[in-house]
Amino acid sequence: MSFGGHVIRTRKIGIMGGTFDPIHYGHLLAAEESFFALDLDEVIFVPTGKPPHKKMRRVSSTEDRYTMTLLATLDNPHFKVSRIEIDRNESSHTVDTLREMRHWYAPDSIQFFFITGLDAVLDITTWKEYTALPSLCNIVAVNRPGYQVGKLEQLPEIFKGNIVPLEIPLLSISSTEIRRRIESGKNVRYLMPELVERYIYKKGLYKRIGR
C-alpha cells in the first residue's frame with residue numbers, strides 16, 4: 001500500500017481465538033510457530049466470551065479465562081490479549097470478531113491470519129457465515145494428532161488458496177485432559193505455564209466439575 005508516495009508495509013496480524021479453559025503450551029506453541037513461520041507482526045489471543053459450541057458443559061468465568069491468558073502470554077512481547085469477545089454480551093462468533101477488529105486499523109493496512117487447529121478448520125462449514133471468512137482473513141490450520149491435512153481438499157472452493165496448513169511439533173495436550181487431571185488430583189506440571197497452574201489452584205478451578 002502507498003500513501004503520499006511512500007510505500008507502507010501491510011501489517012500481518014495473527015488472531016488466536018479459543019475458550020482457553022485453561023490455556024496451555026499447545027496454544028502457545030501454535031501461536032509462536034505461526035508468528036515465525038508466517039512472519040507476523042503480532043499475535044492477538046481472543047478468549048471466547050460465550051462459546052456457542054460449548055453450551056453443554058460448564059465453562060470457567062470469562063474473567064478467569066482472560067486472566068489465565070494474560071498470565072500465559074505476559075512474557076512474550078509479540079503476544080497480546082483482547083477482551084473483544086469477553087465484553088460482548090451475546091454469543092461469540094469468529095466472523096463478528098474479525099469484522100469488528102478490522103475497524104481497529106486503517107483500510108488495507110492489515111492482513112489477518114486466524115490461527116486454529118486443523119480439526120476446527122475441517123468443521124468450518126458449521127461456523128456462522130463461513131462463506132464470508134475468506135474475505136476477512138487467511139486461516140492457519142495447525143496440525144493436531146489424528147487429523148490429515150489432505151482432508152482440507154474436501155472444503156468448499158471458496159477456501160482454496162485461503163487456508164495455510166502449518167506443521168508444528170505435536171503436543172498432545174488438551175484443555176479437556178487438563179481439567180480431568182485436576183479434577184482427579186493428577187499432576188499437570190509442564191502442561192501449561194507455571195503462573196497459570198498457580199492461578200488454577202489458587203482459585204480452585206476444575207475441581208469436582210459436574211458433581
Side-chain angles (χ1 to χ4, degrees), residues 11-51 53-54 59-88 92-94 96-98 100-102 104-105 110-121 137-144 164 166-179 181-182 188-206:
R11 297 186 69 213
K12 298 168 67 176
I13 298 175
I15 299 173
M16 186 154 192
T19 310
F20 302 135
D21 192 22
I23 190 169
H24 53 69
Y25 281 130
H27 298 126
L28 298 172
L29 177 62
E32 186 76 349
E33 289 289 308
S34 297
F35 177 82
F36 285 103
L38 302 173
D39 192 26
L40 303 179
D41 290 282
E42 64 184 13
V43 177
I44 303 175
F45 286 74
V46 183
T48 304
K50 297 180 180 179
H53 59 295
K54 297 189 177 179
V59 176
S60 299
S61 76
T62 54
E63 293 304 327
D64 281 334
R65 293 185 289 106
Y66 175 71
T67 300
M68 287 189 286
T69 307
L70 282 178
L71 291 172
T73 58
L74 58 81
D75 65 343
N76 192 321
H78 50 258
F79 284 174
K80 295 182 179 179
V81 184
S82 170
R83 294 181 59 93
I84 185 171
E85 291 195 0
I86 286 177
D87 292 337
R88 187 184 294 152
S92 300
H93 293 280
T94 299
D96 299 324
T97 297
L98 291 170
E100 188 172 344
M101 292 179 78
R102 291 193 76 86
W104 296 356
Y105 307 91
I110 52 98
Q111 185 177 11
F112 282 156
F113 290 80
F114 187 80
I115 305 165
T116 190
L118 174 61
D119 52 336
V121 176
C137 67
N138 291 102
I139 298 166
V140 182
V142 179
N143 67 354
R144 295 284 296 275
V164 183
L166 181 64
E167 295 285 334
I168 68 169
L170 293 180
L171 287 182
S172 188
I173 303 174
S174 74
S175 297
T176 300
E177 177 61 22
I178 289 174
R179 293 193 302 271
R181 292 180 71 88
I182 293 173
V188 293
R189 194 174 185 183
Y190 304 126
L191 297 181
M192 69 194 100
E194 184 179 359
L195 287 177
V196 175
E197 182 183 353
R198 288 181 182 178
Y199 183 87
I200 288 171
Y201 286 123
K202 181 178 180 180
K203 296 297 293 281
L205 302 180
Y206 313 127

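Here the structure is a predicted model, which is why all the values come from computation and not from measurement.
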Flag the pair [X] / [Y] as yes when at least one side-chain heavy-atom distance between them is below 4.5 Å, and no otherwise.
X    : Y    : value
R181 : L191 : yes
Y25  : P193 : yes
L28  : F45  : yes
P22  : I200 : yes
V81  : P47  : yes
Y201 : V188 : yes

Least distance between heavy atoms, [X] atom then [Y] atom:
X    : Y    : answer
Y199 : M68  : CD2-CG, 3.5 Å
G14  : I115 : CA-CD1, 4.1 Å
S34  : V140 : OG-CG1, 4.0 Å
L166 : A30  : CD2-O, 4.5 Å
M192 : H24  : CB-CA, 4.0 Å
L118 : N143 : CB-CA, 4.1 Å

Report, as yes or no, whether the 6.0 Å neighbourhood of atom [atom1] on [X] holds more than 12 heavy atoms from other residues, nucleotides or ligands.
X    : atom1 : result
K12  : NZ    : yes
R198 : CZ    : no
E194 : CD    : no

*K203: what forms a salt bridge (charged side-chain N to carboxylate O under 4.0 Å, His left out) with it, not counting sequence neighbours?*
D64

_Please check: side-chain N/O of D21 versus main-chain N/O of S60, any donor-acceptor pairing under 3.5 Å?_
yes

*Donor-acceptor pair, T62 side chain versus I86 backbone, under 3.5 Å?*
no

*asked:* Show, in sequence, the C-alpha distance, side-chain angles and deciding distance for L74 and L195, and conclude whether the side-chain contact (heavy atoms from CB on, under 4.5 Å) test is met.
replied: CA-CA 10 Å; L74 58 81; L195 287 177; 4.2 Å; yes

Just how far is it from atom [atom1] of [X] to atom [atom2] of [Y], taken to the nearest 0.5 Å?
X    : Y    : atom1 : atom2 : value
I173 : Y190 : CD1   : OH    : 13.0 Å
S82  : D87  : OG    : CG    : 8.0 Å
M16  : I23  : CE    : CD1   : 7.5 Å
R65  : L70  : CZ    : CG    : 12.5 Å

*Apply the test side-chain contact (heavy atoms from CB on, under 4.5 Å) to residues E63 and R83: give CA-CA distance (whole Å), side-chain angles for both, the deciding distance (0.1 Å), then the verdict.*
CA-CA 10 Å; E63 293 304 327; R83 294 181 59 93; 2.8 Å; yes

*For T97, side-chain hydrogen bond (donor to acceptor under 3.5 Å, both in side chains) partners two or more places apart*: E85, R88

*Decide yes or no on side-chain contact (heavy atoms from CB on, under 4.5 Å) for E32 and H78, but give the supporting numbers first.*
CA-CA 9 Å; E32 186 76 349; H78 50 258; 2.8 Å; yes

*Step by step, work out the side-chain contact (heavy atoms from CB on, under 4.5 Å) result for I13 and W104.*
CA-CA 12 Å; I13 298 175; W104 296 356; over 6 Å; no

*Do T176 and R179 meet the criterion of a side-chain donor-acceptor pair at a distance under 3.5 Å?*
yes

